[in-house]
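Below, each value reflects all heavy atoms present in this structure, side chains not excepted, and no hydrogens, waters or symmetry copies. Residue indices begin at 1 and follow the sequence shown.
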Amino acid sequence: MSQISRNYARALYELHISPEALSRAEEITTQVPVLLDILKDPACALVQKYRAIERIFPEETQNFLKVLCFYQSASLLPEIFSEYRAYRHSQEGVLDAVLTYTARPDEETLAAVKERLKTDFQKKDVNLVLRKNPALLGGFTLEAGGRLLDYSVQGRLRALTQKLTRR
């Protein structure tokens, strides 16, 4: 990610634009990719971009999007949204984590995982993203705070293969 995206993300956070409005703007650009193409197209007139922004995006986000278009930085929008989430979470004490599994854990287990992560990383909350991956063959992996815990069958087979080939 670029430093420019990080700077825009911090500016967004400091502008106190609601996360819901930003989420809606991100959803719009994701669902209608041609709109993002128009916003980043240097051949498209700025006035036309501004009109599209005013008609389509939440009011809270319009000035920010216009600034991006003015400085021809609209192509950074996906990165900016991602950086914004990461920056907001770091400022608000939220840990982002990804649990990849073969069989979805029950709610009680997920709550226990979140509590353990909050304690281990000293965070107020955990944003746990769940991903299913049958290729793990069993077990799970957990990515959080730059660490990867691999308790999958695939990971154990890989570790065993490495151990056997070293001898």
Side-chain angles (χ1 to χ4, degrees), residues 1-36 39 56-62 64-65 68 74-166:
M1 300 282 173
S2 72
Q3 185 62 42
I4 296 169
S5 297
R6 281 188 209 95
N7 292 343
Y8 276 125
R10 287 188 180 122
L12 264 178
Y13 184 79
E14 291 170 12
L15 288 171
H16 301 291
I17 295 174
S18 75
E20 294 79 20
L22 289 169
S23 182
R24 180 68 185 131
E26 182 178 20
E27 184 180 309
I28 291 167
T29 59
T30 303
Q31 290 178 348
V32 188
V34 71
L35 180 59
L36 184 57
L39 295 179
I56 298 169
F57 290 96
E59 190 174 342
E60 282 183 84
T61 63
Q62 291 176 7
F64 180 77
L65 293 169
L68 286 179
S75 62
L76 298 174
L77 258 174
E79 280 183 42
I80 293 168
F81 288 135
S82 178
E83 287 288 336
Y84 168 80
R85 267 191 309 282
Y87 185 73
R88 182 172 63 92
H89 286 170
S90 72
Q91 294 300 304
E92 296 174 359
V94 177
L95 174 68
D96 289 316
V98 178
L99 178 69
T100 307
Y101 59 86
T102 53
R104 182 184 168 92
D106 60 33
E107 292 304 316
E108 188 176 305
T109 303
L110 292 174
V113 167
K114 285 183 177 183
E115 284 303 314
R116 178 66 188 260
L117 288 171
K118 280 197 274 186
T119 303
D120 288 355
F121 288 92
Q122 300 174 352
K123 296 290 183 175
K124 293 178 187 174
D125 198 10
V126 174
N127 177 38
L128 188 61
V129 176
L130 302 174
R131 292 189 183 142
K132 185 172 184 162
N133 183 356
L136 293 178
L137 304 174
F140 65 93
T141 63
L142 180 63
E143 295 176 65
R147 293 189 221 161
L148 173 66
L149 301 171
D150 190 345
Y151 293 101
S152 68
V153 173
Q154 180 188 40
R156 291 179 185 195
L157 286 172
R158 189 178 328 109
L160 181 60
T161 302
Q162 287 175 351
K163 196 174 190 179
L164 290 172
T165 57
R166 284 187 209 154

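- Across every non-hydrogen atom of P58 and R24, the tightest pair is CG-CG, 3.8 Å.
- Between T29 and F81 there is a side-chain heavy-atom pair separated by less than 4.5 Å.
- Remark: D106 CG to R104 CZ distance equals 9.5 Å, nearest 0.5 Å.
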Counting only pairs under 3.5 Å, give me each side-chain donor-acceptor contact of residues 124-148, with atom names and distances, residues two or more places apart or in other chains.
unit_1 : atom_1 : unit_2 : atom_2 : d
N127   : ND2    : D96    : OD1    : 3.0
N133   : OD1    : A135   : N      : 2.9

Quiz item: Should L77 and Y8 be marked as a side chain to side chain contact (heavy atoms under 4.5 Å, CB included) after you check the CA-CA gap, both sets of side-chain angles, and the distance that decides it?
Solution: CA-CA 9 Å; L77 258 174; Y8 276 125; over 6 Å; no
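- In this structure S18 satisfies the side chain to side chain donor-acceptor pair (under 3.5 Å) test together with E60, sequence neighbours excluded.
- In this structure, the side chains of F64 and I80 come closer than 4.5 Å at one or more pairs of heavy atoms.
- To the nearest 0.5 Å, the span separating CZ on F57 from CG on L35 amounts to 4.5 Å.
- Here the closest non-hydrogen pair linking K123 and G93 is CB-O, 3.4 Å.
- Rounding to the nearest 0.5 angstrom, the gap separating the OG atom in S23 from the CD1 atom in I28 is 10.0 Å.
- The distance from the CD atom of E83 to the CD atom of Q3 is 8.5 Å, given to the nearest 0.5 Å.
- A side-chain donor-acceptor contact under 3.5 Å links T119 to the backbone of E115.
- From Q31, atom CD reaches atom CG of L36 across 13.5 Å, with rounding to the nearest 0.5 Å.
- Rounding to the nearest 0.5 Å gives a distance of 11.5 Å between CZ of R6 and CG of L76.
- Within a 6.0 Å radius of OH in Y151, no more than 12 heavy atoms belonging to other residues, nucleotides or ligands are found.
- Considering every non-hydrogen atom in both I17 and Y84, the closest pair reads O-OH, 3.7 Å.
- By the salt bridge (charged side-chain N to carboxylate O under 4.0 Å, His left out) test, R10 pairs with no residue at all, sequence neighbours left out.
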Quiz item: Given the rule in the side chain to side chain contact (heavy atoms under 4.5 Å, CB included) test, do L110 and V113 qualify, once you have shown the distances and angles that lead to the verdict?
Solution: CA-CA 5 Å; L110 292 174; V113 167; 5.5 Å; no
